[in-house]
2 protein chains.
Amino acid sequence: MESNETVDRADAEASAEVVDVVPAPVPAATVDRLPSYLRALHQLVAAGVERTSSVELAELSGVGSAQLRKDLSFLGSFGTRGVGYDVGSLTDSITRRLGLETEHKVAIVGIGSLGQALANYRGYASRGFQLVALFDTAADVVGTTAGGLVVEHADDLAAVRERTGFTMVLLATPAPGAQEAVDRVVAAGVRSVLSFAPIALQVPEEVDVRAVDVGSELQILAFHSQARELRP
Amino acid sequence: MESNETVDRADAEASAEVVDVVPAPVPAATVDRLPSYLRALHQLVAAGVERTSSVELAELSGVGSAQLRKDLSFLGSFGTRGVGYDVGSLTDSITRRLGLETEHKVAIVGIGSLGQALANYRGYASRGFQLVALFDTAADVVGTTAGGLVVEHADDLAAVRERTGFTMVLLATPAPGAQEAVDRVVAAGVRSVLSFAPIALQVPEEVDVRAVDVGSELQILAFHSQARELRP
DNA sequence: CAGTGTGAATCGGTTCACAGCA
DNA sequence: TGCTGTGAACCGATTCACACTG
């Protein structure tokens, strides 16, 4: 195992009182892949498979098997040498480590066509999330319904957050207005934001913003397709 | 400049005939950031700014200034020491390097609520893309209109590709069916795919797949928010 | 002298290859 | 014997710090 962290952990466990052990640090690149592993495991569960190997699970996740084993080793030791991994217990371990035992409540800000599509998405629950509120600023959108929820005015962000307890926001506003929207979201106390707006958002450092930009993704694909033509 | 590449490039340019010079290799991590730089530059253009610095541009892009200068150095030398960068010509250089001088034609496969939202998105042209076709397999979706285009049957992928010449696909089908859909897309000759389906797709190695998964992004945010609570 | 461009140092992540264990 | 878990080697990416130049 690790060299210096092991000592701390052993100490913590030795001193009987401690309930929640301080977890060993997990590299960011590993965290980014854990969801793929979970998805692959869910596929196996759905297929009725109870035991798997690093090779099979890696293939289903789209990574190399050494990568997968190394990643899992940061979380602990879950497999049986010479045998493989138990699908159910590995699923539980990763779920727990990602912090998905309890559902996280999510709101969507910006109910244009993308926001509506996100509101209608039925897959939140199976991934550990619950959609609890929708916001917009346009008078003709506030009060309408999407995904079974009534759209509230963004002015009421803080109040609605109080009532519903969401801790994450999907930001689906157009680029102009996105910065103002995220400012309100942050002011309301949210510290996890997934932005679909094609601009870099300025936020205080304690706020975690991840960004998805279809245009950027296409441009990256364009670059690679061009590179492919030059050296086939 | 570079040590060994410089020689090749100088040679190529010296031998008058050569029109398209073989470009120096650009690190993948750099390519991933070029779209952000382009977005930031467009913001500056919109604001009427004609000259910028690595510090300003980096801030607008959400990266460090050393990172930005290093990234640009892989593409060539664009700035003026002691002065900064010309917004217009830097925009042109990056646009050209990404291969965005000519518009890339794009199709969407899977016209559910997400596919519709993507079809209604008005930002393709400004990023270098043109939406030319929509596909689905459901009888009650084929023939309907979205974003000014009529939805065609996925059986006609190859034929419609012939006619419209799209080279990229946005895959917006539900998870079951995504693999079959991408198989058809690949069979039709498309080699660049942006997938929104929450599964790892199996494709031949000459096909470039990028994946966007909202569920995974939320799970990663969940992990970090939990880590934040433990060490604030 | 301000700000780019870039070697050199550093850091983190991936891959390899095998020791260790059921 | 088969497959996990993991040190060690490798590789790429980031950061630093400064020489260079308009």
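Naming convention: chains lettered A, B, ... in sequence-line order (proteins, then strands); numbering from 1 in each chain. Keep in mind that what you see is a predicted model, and the values were worked out from it rather than measured.
Between A:Ala28 and A:Ala66, it is A:Ala28 whose nearest contact on DNA chain C lies nearer the 5' terminus. For the pair A:Thr30 and B:Ser54, both in contact range of DNA chain C, the more 5′-proximal nearest nucleotide belongs to B:Ser54.
Atom-to-atom, CG of B:Leu68 to C1' of C:dT4 comes out at 11 Å; the value is rounded to the nearest Å. The CG-P distance, from B:Leu57 to C:dT4, rounds to 10 Å in whole Å. Between A:Leu90 atom CG and D:dT4 atom P there is a gap of 11 Å when expressed in whole angstrom units. Rounded to whole Å, the distance from CZ on B:Arg33 to P on D:dT15 is 9 Å. The CG atom of B:Leu72 sits 14 Å away from the P atom of D:dT14 (whole-angstrom rounding).
Nearest heavy atom pair, residue B:Leu118 against residue B:Ala172, reads CD1-CB, 4.2 Å. Across B:Leu157 and B:Arg184, no two heavy atoms sit closer than the pair CD1-CB, 3.7 Å. The shortest heavy-atom contact between B:Val109 and B:Val169 is CG2-CG1, 3.7 Å.
Set against D:dA13, C:dG5, C:dT15, the side chain of A:Lys70 has C:dT15 as its closest nucleotide. For B:Arg69, taking side-chain heavy atoms from C-beta onward, the closest of the listed nucleotides C:dT4, D:dT4, D:dG5 is C:dT4. Of all nucleotides listed (D:dT4, C:dT6, C:dT15), C:dT15 comes nearest to the side chain of A:Gln67.
A donor-acceptor pair under 3.5 Å links the side-chain atoms of B:His104 to the main chain of B:Gly99, judged by distance alone. In this structure, B:Glu206 contributes its side chain and B:Arg191 its backbone to no donor-acceptor pair below 3.5 Å.
Residue B:Arg51 is out of contact with every strand shown, counting any heavy-atom pair closer than 4.0 Å.
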So which protein N/O to nucleotides 19-21 of chain C N/O distances come out below 3.5 Å?
| from | atom 1 | to | atom 2 | distance (Å) |
| --- | --- | --- | --- | --- |
| C:dG20 | N3 | A:Arg81 | NH1 | 3.2 |

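In this structure, A:Tyr85 reaches the D:dG5 phosphate: one of its side-chain N or O atoms is under 4.0 Å from OP1 or OP2. Taking side-chain N and O atoms only, B:Thr80 has no distance below 4.0 Å to OP1 or OP2 of C:dT4.
Donor-acceptor pairing under 3.5 Å is lacking for the side chains of A:Arg210 and A:Ser192.
Between B:Phe135 and B:Phe166, the ring centre distance stays below 6.0 Å.
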